[in-house]
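Protein chains get the first letters and strands the later ones, always in sequence-line order, with residue 1 at the start of each.
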Amino acid sequence: MDWKVLLEQAPSGGMTYLGWLASGLFWTLAVSACAWVIAFAVGSVVGVARTVPLAAARLAATAYVELFRNIPLLVQMFLWYFVMPEVIPKDWGDWLKQDMPNLLTLPFAAQFSLWEFTAAVLCLGLYTASRVAEQVRSGIQSLPRGQTSAGLAIGLTLPQVYRHVTLPMAYRIIIPPMTSEFLTIFKNSSTALTIGVLELTAQSRQISEYTFKTFEAFTAATLIYIAITMTVIFAMRALEKRVAVPGYIAQGGGH
Amino acid sequence: MIDLRAVSKWFGTFQVLKDCTTRVAKGEVVVVCGPSGSGKSTLIKAVNGLEPFQKGEIFVNGISVGDPRTNLPKLRAHIGMVFQNFELFPHMSITANLTLAQVKVLGRSREEAEAKGLKLLDRVGLLSQKDKFPGQLSGGQQQRVAIARALSMDPIAMLFDEPTSALDPEMINEVLDVMVELAREGMTMMVVTHEMGFARKVAHRVVFMDHGQIVEDCPKDDFFGSPRSERAQAFLSKILHH
Ligand SMILES: Nc1ncnc2c1ncn2[C@@H]1O[C@H](COP(=O)(O)OP(=O)(O)O)[C@@H](O)[C@H]1O
Ligand SMILES: [Mg+2]
């Protein structure tokens, strides 16, 4: 084993191999965080839509979930990156592929463009949204039906009932499965390497190719993934404690 | 005040309400009873539009509940409703439960809403619990808070759907006491309950339902004196002798 290799100067980027790993970690986190924002926002809207008393909204939301959940992630990655620019008007497609500004000041961005990053974020975000939507839906449906009735009975509108009554409880209930959805985005972000985003896995592969220290390169990446996962789990546990409802015992659904 | 005219409702092909006609005048207390599954909850929830119905009409203070142009949230804000399972909002403190709708629906200021809420909390004897959460209260206490929450909206009428049937026996009276007091103050009330003691004490009329139909609708004394239908007699003897 030769861990010192990580401190050697790397052939590009003006940094050590450790710097490559750090840059890879940066992009992994950037892709994950941006994708999570999309997944959370879109997933919440779609999940709520699956529970409203409006057949058209429920149908559209169900179609979304089934579509995104049942196409393999890698296929979706290629659809966004390769196919999407070809099916939209040619000018727009060309702009996406060639003229999207590079994030030159960020580590290693010079080797891939903002389009690769954007496609990865859209793909992961919208795919995970379908999973988040299911969590949100099940969270809402696990609440007693009488909660919605009580909210309506006191004069709140249906949107107000969601905002003040159902969603605050539903989000609390689904913190554990949402944690695992976030970790899934984090781990799935490695598929972004297939369209050229130099995230953590791509960087460790690059290091192993340059230095032939395969074991060290991938062990380092593994440890970084584990460290981040642990951090997220602890943070979410802390959040769960912080928002815990005094005296609340989870009840069954129904009414 | 509450006027039901030939209300019918179907769940698919199953008819839950069959031509139900009755009324609750201002200041009147009407008790609705009947076997489980006879449609009592469906009927009382139709009154504030929580259960839509396909035929007939319901008027509350002259406003048609079934009319699609009716502003239901506005109408509901003035009809208090108390549920079997209390349905306090578990993630909010007792004070927040009492003020939420006053602020969001009636547009009262936070201070005004809190003053009103705490006054009513005091009235149901639970002022000391104002900073607790629903899960930290007993069932009877939760139901008293739920009544205070409904009253905080200054309702013109109160609907109760089996308010004591989820309670342990020793807590039933603390809730009934609050309801009796409310009735004696002249509140218009429609109460689904099997507590015949309550009915005897404060009801003006008793409505007996079976299989979605209103079988009896008569003054309290007539009901307890000589219920006209066999079904009502059978029901009464069953719940009184157990
Ligand atoms: N959402 C529903 N879908 C189908 N049937 C229902 C629904 N809600 C209630 N019912 C049926 O309607 C009947 C009346 O119910 P309900 O009004 O709750 O009776 P009660 O309150 O008198 O016990 C019951 O037979 C019940 O099974
Ligand atoms: Mg019922």
Side-chain angles (χ1 to χ4, degrees), chain A residues 44 48 51-58 135-136 138-176 178 236 239-255, chain B residues 41 44-45 47-52 71-94 96-107 129 131-138 141-142 146 149-155 158-162 166:
Chain A
S44 294
V48 165
T51 65
V52 296
L54 217 118
R58 282 202 307 270
Q135 303 298 353
V136 170
S138 80
I140 292 171
Q141 288 177 345
S142 75
L143 300 171
R145 273 235 316 247
Q147 286 281 297
T148 302
S149 303
L152 291 173
I154 205 158
L156 299 172
T157 61
L158 190 62
Q160 283 177 321
V161 171
Y162 275 100
R163 162 73 183 79
H164 298 289
V165 180
T166 25
L167 284 176
M169 275 316 289
Y171 280 131
R172 281 176 169 86
I173 291 169
I174 62 174
I175 288 176
M178 289 287 260
M236 293 300 270
L239 175 70
E240 204 178 351
K241 267 209 196 105
R242 230 184 94 98
V243 301
V245 173
Y248 182 75
I249 312 146
Q251 304 152 320
H255 62 146
Chain B
S41 296
I44 201 165
K45 284 178 180 160
V47 171
N48 64 355
L50 285 180
E51 287 282 4
N71 183 343
L72 277 180
K74 197 171 162 213
L75 181 70
R76 288 172 182 146
H78 297 291
I79 310 173
M81 185 160 208
V82 175
F83 297 83
Q84 185 172 352
N85 293 313
F86 333 131
E87 305 301 352
L88 295 178
F89 307 135
H91 60 292
M92 294 180 194
S93 71
I94 299 306
N97 265 280
L98 290 164
T99 53
L100 175 74
Q102 290 190 67
V103 173
K104 300 290 170 196
V105 178
L106 302 181
Q129 312 291 322
D131 296 321
K132 293 219 175 132
F133 283 74
Q136 298 170 311
L137 268 52
S138 73
Q141 291 175 321
Q142 288 188 57
R149 178 175 71 176
L151 292 175
S152 74
M153 304 294 283
D154 292 323
M158 289 280 288
L159 309 173
F160 295 82
D161 187 7
E162 303 208 32

Which atom of A:A150 lies closest to which atom of B:F83, heavy atoms considered
CA-CE1, 3.6 Å
Quick check: do A:I154 and B:M153 have side-chain heavy atoms less than 4.5 Å from each other?
yes
Just wondering, do B:L100 and A:L156 contact through their side chains at under 4.5 Å, heavy atoms?
yes
Between the side chain of B:H91 and the main-chain N/O of A:H164, is any donor-acceptor distance below 3.5 Å?
yes
Nearest heavy atoms of B:Q136 and A:P246, plus distance in Å:
NE2-CB, 3.4 Å
Applying a strict 4.5 Å limit to non-hydrogen atoms, the region of B:F89 in contact with chain A is both
Name the region of B:I79, side chain, backbone, both or neither, that has any atom closer than 4.5 Å to a heavy atom of chain A.
backbone
Side chain / backbone / both / neither for A:Q147 at chain B, heavy atoms under 4.5 Å
both
If one checks every heavy atom of B:L88 against chain A at 4.5 Å, the contacting part turns out to be backbone
When rounded to the nearest 0.5 angstrom, what is the spacing between CZ in A:R145 and CD in B:E87?
11.0 Å
Can you give me the closest heavy-atom contact between A:A153 and B:N48, atom names plus distance?
CB-ND2, 3.9 Å
Side chains of B:P90 and A:M169: does their closest heavy-atom pair fall under 4.5 Å?
yes
Hey, what do you get for OG (A:S149) to CZ (B:R76), rounding to the nearest 0.5 Å?
9.0 Å
